[in-house]
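Side-chain atoms are counted along with the backbone in the values below, which use heavy atoms only and exclude waters and symmetry mates.
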Protein chains: 4
Amino acid sequence: MRYYQLYGDGRPRLAVETSETVYDLTTTNSRLRTFEDLLSAVSIVDCPIDAVAEQLLDDAAEIEIHPTENEALAAPVSSGEIWAAGVTYRISEEARQTESSMPDMYIDVYESDRPEIFFKATPSRTVGPAEQVGIRADSDWDVPEPELGVVLSGDEIIGYTVGNDMSSRSIEGSNPLYLPQAKVYDRCCAVGPCVRSASSIEDPHDLEIWMTISRNQEVLYNETTSTSKMVRSVDELVDYYTKHNIVSNVSVLLTGTSLVPDDGFTLHEGDLVEMGIEGIGTLSNTVVEV
Amino acid sequence: MRYYQLYGDGRPRLAVETSETVYDLTTTNSRLRTFEDLLSAVSIVDCPIDAVAEQLLDDAAEIEIHPTENEALAAPVSSGEIWAAGVTYRISEEARQTESSMPDMYIDVYESDRPEIFFKATPSRTVGPAEQVGIRADSDWDVPEPELGVVLSGDEIIGYTVGNDMSSRSIEGSNPLYLPQAKVYDRCCAVGPCVRSASSIEDPHDLEIWMTISRNQEVLYNETTSTSKMVRSVDELVDYYTKHNIVSNVSVLLTGTSLVPDDGFTLHEGDLVEMGIEGIGTLSNTVVEV
Amino acid sequence: MRYYQLYGDGRPRLAVETSETVYDLTTTNSRLRTFEDLLSAVSIVDCPIDAVAEQLLDDAAEIEIHPTENEALAAPVSSGEIWAAGVTYRISEEARQTESSMPDMYIDVYESDRPEIFFKATPSRTVGPAEQVGIRADSDWDVPEPELGVVLSGDEIIGYTVGNDMSSRSIEGSNPLYLPQAKVYDRCCAVGPCVRSASSIEDPHDLEIWMTISRNQEVLYNETTSTSKMVRSVDELVDYYTKHNIVSNVSVLLTGTSLVPDDGFTLHEGDLVEMGIEGIGTLSNTVVEV
Amino acid sequence: MRYYQLYGDGRPRLAVETSETVYDLTTTNSRLRTFEDLLSAVSIVDCPIDAVAEQLLDDAAEIEIHPTENEALAAPVSSGEIWAAGVTYRISEEARQTESSMPDMYIDVYESDRPEIFFKATPSRTVGPAEQVGIRADSDWDVPEPELGVVLSGDEIIGYTVGNDMSSRSIEGSNPLYLPQAKVYDRCCAVGPCVRSASSIEDPHDLEIWMTISRNQEVLYNETTSTSKMVRSVDELVDYYTKHNIVSNVSVLLTGTSLVPDDGFTLHEGDLVEMGIEGIGTLSNTVVEV
């Protein structure tokens, strides 16, 4: 099932999409307003989230939302931290051996047991579908990164979403110690359009993932890859993220990207970034300078 | 099952007592800390509260609390309003016909469809087991009233508790318009020691109810009656309380009393008030002037 | 000064009206969003509220709100309890001696030291300007009561507002023990349009107070009186309300009314109730059955 | 003035230390319980924090706390994020030119306009005085870093505290991309014992700073330096931290360290770490493996 967070009329509402239609779960209980409300209940009663949702459908009203029109949708997870991983996709033998193409530290991470895991964003820095993602005014090379996002309750994998790990390549590139400034800033992250339950995804390591970037209706970038090209498993990344760390009731771990525009490309204010993952949906955001 | 709210170590904990032992439910999930947490989850997933608790017992740690030693116990419901009913127990034909013994307005309520229902207390005015209940410093005739408390989630009956509807009879007696001042004040209400689930009470209209008042270890009052002497049903009282009203996620409706000390008796600071209901437990409080 | 609570764009905003214009205080500080925010700061730094607001005006943006068009206004106090007093206005000697015209208990309160003070409403039962006030579906005689509302921080008088103490006279009239049901129900109270600071009101006991009731644009009731006809002082009422009671950070005490439509009149759904107090403003609400 | 956060009896209390004595500010107003409460009020009324505190002293009770006995003290700032800076202290010409002694990226940061600024901790990962700081179980080289902490309200410097930026040098050292894992984990940060107001610190760039590490009462490390050896100003660091970023109502920016134990030293569980800054106080924590 897919869980959507609606803005509602002043107060949030939670919707769920089955294979047939979309239901407004808040019609079954006025206390059930956010995905976190459902997660909290599910966590306490210790039932699978889809089983709980399934039971509620009989009493829920069908609604006509068009999830692709993201205007009515908020970030599907609105509390908790967002962390991210890097260097998780296959690097060709050739690239690894061409010294100039990639700094050694990336190759080292690629070949090490320990993955690169970093703090990415707070809810205050994260936007939802159709909201604006930010590029730093003190950066001149900025890119979006489309990533499979793992939605966690504690260390348990609850579902998946699409995440945009916005990055300043000019800041990151000038010194690895600047990475946090390249990654953590105002509007640095987007997630959405929904949370797809983990139990309804057959294999998170076999999902098509794509990104399109347009400027004034002209497509500047349009590529597709697959999570099958990840060289780390989701479980492995979750394991490194959660151990020795404080993990909140809900959090999202972005799992890295391999869709990277050419070095000559940088985002401009007003650009439209669309990214999607098979079985989850499409996350669209425009770009604003911050 | 009986649900107890423990003070815990800085943060509250929720315990449940089965026919065999007591379990600390917070050991199953650190988000499950109050009866309201459980109620909220149960309300969302739409399962019976005891069924949910039953499922959690396997993972819960047994604890050695002695519910009769109330020191570790907080009020089992710590949010929501407390309302109360009056004139709900049988009045003898004789008393009704002896004009001097009872003002007409009580006889009128007794014989009317509409019961007496009134706002009793907020959480800030309510104490739990072993805490002090208040008598007003501007009152010289004060009594406790032991009552069956109906615990509600919206308009649904979830369970039962013991409630002490402290009353200033001198203020109430001088004018019926002073009733709110006689009933609503600092520390005017106590509830506890637990919430007994509704499904585990066979008949709320057939429960023994008793009260003992002691001063300096001397018993001054000790009487017993039964909820079978109520002339209104719990459902009828709940119906009148909830309709046309705003009812919060959790609330308690006290159902009136028939255990009233003689007119010559008034509470003093330091008195010990113990009241109990069959199948629920005993609520003990000492008295303080406020 | 007059303090208005604006709905804002999803988040509340606080405005203040001086003798010249209206300022949006939230433009000076994004943390300053409600009257309670200001009250809390003023309480901590122990300064007069108008002095603090005065200081902020230089940095505040002027806004064009028309306080008489209440659509943009929320209740000026949105947290805390509302209490009310009764039998506080002069009763003619004649009325007092005509036994049939008024039950003895009212004359008793009128002549006693202790006033009638009762719990009136929670925030959840209170509406603001332009919202709907309720009449109970199980009542057939319902009236509004326009009252001077004293805004308190603890037991300190901070300001004044207009309050509508909606009442079911059929329920109240059939038995004094039903008073809480006649007074406390869904949408039973309205307050607004602003809080006028206490220091800017010369004498709360000399303010004109009026009420107009219209149905289908036809005026059915239109009367004026003055708070100079109160027989209790504001201080006296506040004193009885606060002593032996729990008083929250902010609360409102309504001080009773003497503007009462004739016995033949009852409110209908859709009626427009407008009430005002000199120096404070006009509170308008339409009527809905609850 | 120095502001201390006390645990109180279940609820926090705020104390202030003048040159003469310590006052419990919560005795002046039960709403004033945390440094953030004071900061919020000060921010709204737009007065200097010490001026507000000064005014409250007449009504405040003196208390006998011994700030050096940290048991009663909580972290003086308990909400908001903690960020940190690195490579902020003077590096000798010799060290800079000895290639083996320091990776190039540190020299690059040292010589660049942009400082190293990184996300350090959330409140959930931060401990106060006398609490345990953490070393990661998957690290074998761990050190504390004593740093001047700048306490901010938005981008305004409010005061200073002592901060311990716990670091896993083995994780950090193996790859710069692991820095977030070396820095952000369970119990990775401590702050305290107080917030010293900015206006009462003559020059934050001329404060002695020291650290002592003891194991089984034996002193293993004991060094002193001065903030005068910083090569970045506090204003410059705050500027880089706040621009293009989301800054919460209160936050702390740690400004880097130059007190580093020899490479042969690593912390063990049970070690006592004491660090202090002239004019602020001493922060003591023991070490636990997480």
Asker: So, do Arg31(B) and Asn249(A) sit near enough that their side-chain heavy atoms are less than 4.5 Å apart?
Answerer: yes
Asker: Is it true that the side chains of Asn29(A) and Ser43(B) contain a donor and an acceptor less than 3.5 Å apart?
Answerer: yes
Asker: Counting heavy-atom pairs closer than 4.5 Å to chain B, which one of Val45(A), Val42(A), Leu25(A) comes out on top?
Answerer: Val45(A)
Asker: Could you report the tightest heavy-atom contact between Leu56(A) and Ile44(B), atom names first, then the distance?
Answerer: CD2-O, 3.3 Å
